[in-house]
Amino acid sequence: MKVTYAKAIGDALKEEMRRDQKVLIYGEDVAQFGNIFGVTRGMLEEFGPKRVRNTPITETAIIGSAIGAAETGLRPCVELMYSDFTMVAFTEIFHCVSKWRYMHGPEYRLPLVIRSASGASNGAGSEHSNTVESLFLHAPGLTIITPSCPYDAKGLLKSAIRSDNPVLFCEPKQLYQTKQEIPDEIYESDYTIPIGVADVKRPGRDVTLVAIGLMVPRALEAAEKLAAEGIEVEVIDPRTIAPLDKETIFASIRKTHLAAVVEEGNKTAGVGAELAAMFQEELYDELDGPVARIAALDVPMPYNIRMEKYSIPSVERICASIRAML
Amino acid sequence: MQYEKDFLKKLYENLLDMRLLEKKMVDTYAQGRVPGHVHSGVGQEATYAGVLTNFKEGDYYKRTHRVTAIPYMMGTSLDTFFGELLAKKTGNSGGRGGSLHIGELRTGDLGFSGTLGCDAAVGVGAALTIDMEGRDNVAFVFMGDGTSSRGPVYEAMNLAAAWKLPVLFVCQNNQFAISTPSSYSIAAENAVADRAPGYAMPAKVVDGTDVLAVYEAAKELLEGVRAGKGPAVLECKDYRWRGHFEGDQCAYRDAAVTEDWIEHKDCVKNFEAMLLEQGVLTQEEVDRMRSDFDHAMDEAILRAEAAPEMEPEEIYDGLYV
């Protein structure tokens, strides 16, 4: 069947809630409204008001209460609507969620998931367009997942809900309506995708291109174009940003000897900055050239659509950056 | 109000033990044997002792940095307690959390955030579990008057009220946020109780140095909370005898006022005098309780000092499950 990213997320939530009574979802406008992107539509009707709860506009209490609920036996999968709003609860996520078990001891498990819609989409402006993976990479203890296609989104969200580690789950909102053909028997098979395992989305021998979230389909499109020019790009989707599957990425770089990172977030101190530093530190002798960082421009995201598109890496910009490496 | 003799004795013992433990931490710190900071809660023991005497199996509580001794009253052993304080492997987080994070979930301790107030909603989440499981338990959320100025506290109160969750918010108003008096930073007379009506919560204000008054006030509020009527606020007025942390000389306040509180509002001394007068306790019993517990603490400290630390190479252990 053709499945959208949004449907895959919704189905993962429903399947996990059917499977485990301890799972519940709450957040702003997730109940009657079914979340502002329609992701949780129909869930209130199926699971009732105790397991599908609206909250006030109260990000700090959403995260704080998720900690308390998780450590006492529930498996809350909470929503912060826009990933930008993680910043409202930055302390709760950075200090509390990610450190809670480490600073209190092994009894204090936090099986919780924080979902949010991330990145730019059609003039959402500077406070509703951010990606936040790089901000939370600085919080050891937190698992960060950003799926790039419906199949991965479903399998990874199911794993996230079953994980006893706290997970920040980023959903690039431009992907919500993208479709993927998935055979029914697979889609309905209760499959999961392991956390911390990258996926080689396209093999290639010339350049390793690590792409995150929304940039994965663009990287694949760029790779297709570059293939016509005789440049074979290996596109790797880490899927889990933290902890990172270094093994898969490093194996690719040992093969291609050139690496680039493409992300929707800002360039400065972005995920690409971290990966580039990691590559030169750990794979210096394998690299035949500098690691390229392809990222959003370092500006607050403008409301103007042409500027928004200009800021975020396009297929053309990715192609140009890769060509410049060779 | 009539109480069983055993009840009063137990309450006194809890109060006394916390006092002695708070003092012991101060002394141990002064001897240079504690690696981190100590926030003494000497003089403020009655709030925790009084409120948590209402604790039932299956309840939870979210502690504060003061009184640090509370996990001991709730069932954490002295070995675990001093193990964590002295940063040893025998502590509940192997010595990686420190004095603010002493405690065990099995005793109902939900943990603590050193970024004050960010954890207020943690108790609300525990109450959500209680609600989902249909139990008549409650979650106690303790906070100080200083913390009460933080936004997350009010998000937590609002959510608890909106969802009608079984939470008792307890403000331990010791009148100081480090050096800043609550009279300067909080316009209302009662830091949290006066704001409770805004969240449609019942509230009580009580003398936080009178352990029986605290116990009774909490008990009364808890009837409604346990019956599913939603959260409530108890504000306990006391006074921080020592500095915010050990080493704080309290140059910002009038020492005579402090002396007056210590002289007249000592929750242990006053309760003890009452029990001696009523014949519930004898001086001999009191002396024995003191020396027995003092001895137990000294032994536990020696064991903690002899206990191994985690190896630095174990630093990543338990970062992920």
Side-chain angles (χ1 to χ4, degrees), chain A residues 21-22 24 26 49-51 53-76 78 88-112 140-143 163-167 195-196 242-243, chain B residues 58 60 62 80 84 91-94 96-98 100-106 108-115 117-134 139 141 150-163 165 167 315-321:
Chain A
Q21 292 292 316
K22 299 281 187 194
L24 78 165
Y26 58 92
K50 284 204 122 178
R51 294 180 71 199
R53 291 173 183 244
N54 271 344
T55 65
I57 298 175
T58 190
E59 287 81 7
T60 73
I62 291 171
I63 302 303
S65 65
I67 295 170
E71 66 182 338
T72 55
L74 298 179
R75 305 188 81 86
V78 299
V88 181
F90 196 89
T91 302
E92 285 73 15
I93 300 172
F94 187 87
H95 280 318
C96 301
V97 169
S98 64
K99 301 176 182 175
W100 209 251
R101 197 182 60 250
Y102 192 86
M103 64 186 179
H104 290 103
E107 262 190 311
Y108 291 81
R109 289 190 174 199
L110 292 190
L112 67 88
L142 198 61
T143 297
S163 170
D164 281 340
N165 291 306
V167 177
I195 291 168
Chain B
Y60 304 103
K62 203 289 298 167
T80 302
E84 191 60 36
N92 50 281
S93 82
R96 297 186 301 185
L100 300 181
H101 308 289
I102 298 173
E104 291 166 293
L105 190 56
R106 64 170 182 84
D109 187 327
L110 296 168
F112 172 76
S113 169
T115 311
C118 290
D119 53 9
V122 171
V124 177
L128 178 59
T129 300
I130 292 167
D131 181 63
M132 295 290 286
E133 294 177 352
V141 173
R150 290 222 55 225
V153 170
Y154 297 104
E155 289 199 19
M157 288 173 70
N158 186 53
L159 185 63
W163 283 356
L165 294 174
V167 183
I315 198 163
Y316 293 110
D317 286 9
L319 184 56
Y320 291 91
V321 175

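Below, chains carry the letters A, B, ... as their sequence lines are ordered, and counting in each starts from 1.
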Handout entry: Point-to-point distance, once rounded to the nearest 0.5 Å, from CZ of Arg101(A) to OH of Tyr320(B)
Key =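 Answer for the CZ-OH pair, Arg101(A) versus Tyr320(B), is 9.5 Å.
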Problem - Lys99(A) versus chain B, the contacting section by heavy-atom distance below 4.5 Å - result: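 Lys99(A) has no heavy atom closer than 4.5 Å to chain B.
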Problem - When Arg109(A), Lys22(A), Glu71(A), Gln21(A) are compared by non-hydrogen pairs under 4.5 Å with chain B, the top option - result: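 Most heavy-atom pairs under 4.5 Å with chain B: Glu71(A).
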Exercise for the section: Would you give the length of the straight line joining atom OG1 of Thr115(B) to atom CZ of Phe90(A), rounded to the nearest 0.5 angstrom? Expected result: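 One finds 11.5 Å between OG1 of Thr115(B) and CZ of Phe90(A).
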Practice task
Considering only heavy atoms and a distance below 4.5 Å, find which of Gly151(B), Gly97(B), Cys118(B) pairs most often with chain A.
Solution key: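 The option with the most such pairs is Cys118(B).
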Handout entry: Top contributor to chain B contacts, counting heavy-atom pairs under 4.5 Å, from Ile67(A), Leu142(A), Asp164(A)
Key =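 Maximum pair count with chain B is reached by Leu142(A).
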Practice task
Under 4.5 Å, counting heavy-atom pairs only, tell me which of Gly105(A), Gly141(A), Ala66(A) racks up the most with chain B.
Solution key: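 With the most close heavy-atom pairs to chain B, the winner is Gly141(A).
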Problem - Flag side-chain contact, heavy atom, 4.5 Å: Asp109(B) against Tyr108(A) - result: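 Yes, at least one pair of side-chain atoms sits under 4.5 Å.
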Problem - Heavy-atom proximity to chain B below 4.5 Å, by part of Leu24(A) - result: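 Just the side chain, heavy atoms under 4.5 Å.
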Problem - Minimum heavy-atom distance Tyr26(A)-Trp163(B), with the two atoms named - result: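 Taking every non-hydrogen atom into account, CD1-CH2, 3.6 Å.
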Handout entry: Interatomic distance, Met103(A) atom CE to Glu84(B) atom CD [nearest 0.5 angstrom]
Key =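 Spacing of CE (Met103(A)) from CD (Glu84(B)) equals 11.0 Å.
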Handout entry: Region of Thr143(A) in contact with chain B, defined by heavy-atom distances below 4.5 Å
Key =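 Interface part for Thr143(A): both.
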Problem - Interatomic spacing from NE2 in His104(A) to CD1 in Ile102(B) - rounded to 0.5 Å - result: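 Here the interatomic distance stands at 10.5 Å.
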Handout entry: Toward chain A, the part of Glu133(B) with a non-hydrogen atom under 4.5 Å
Key =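 For Glu133(B), the contact with chain A is made by the side chain alone.
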Practice task
Please determine, among Val124(B), Leu319(B), Leu105(B), the option with the most heavy-atom pairs under 4.5 Å with chain A.
Solution key: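 Answer, by heavy-atom pair count under 4.5 Å with chain A: Leu105(B).
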Exercise for the section: Under 4.5 Å heavy-atom distance to chain A, tell me which part of Tyr60(B) shows up: side chain, backbone, both or neither. Expected result: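 The side chain, not the backbone.
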Handout entry: CE-CZ distance between Met132(B) and Arg51(A), expressed to the nearest 0.5 angstrom
Key =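 One gets 6.5 Å once the value is rounded to the nearest 0.5 Å.
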Problem - Short side-chain to backbone donor-acceptor contact, His101(B) and Tyr102(A), under 3.5 Å - result: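 Judged by distance alone, no pair lies under 3.5 Å.
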Problem - Which of Ala156(B), Ala121(B), Gly94(B) touches chain A most, by non-hydrogen pairs under 4.5 Å - result: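 Ranked by contacts with chain A, first place is Ala121(B).
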Handout entry: Backbone of Arg106(B) reached by a side-chain donor or acceptor of Glu107(A) within 3.5 Å
Key =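 Yes, Glu107(A) side chain to Arg106(B) backbone: donor-acceptor pair under 3.5 Å.
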Exercise for the section: Below 4.5 Å from any heavy atom of chain B, which atoms of Glu59(A) appear? Answer side chain, backbone, both or neither. Expected result: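 The backbone, not the side chain.
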Handout entry: Top of Asn158(B), Asp317(B), Asp119(B), Leu159(B) for chain A proximity - count of heavy-atom pairs under 4.5 angstrom
Key =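 It is Leu159(B).
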Problem - Among Thr72(A), Thr55(A), Leu74(A), residue most engaged with chain B (heavy-atom pairs, under 4.5 Å) - result: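 Option with the top pair count is Thr72(A).
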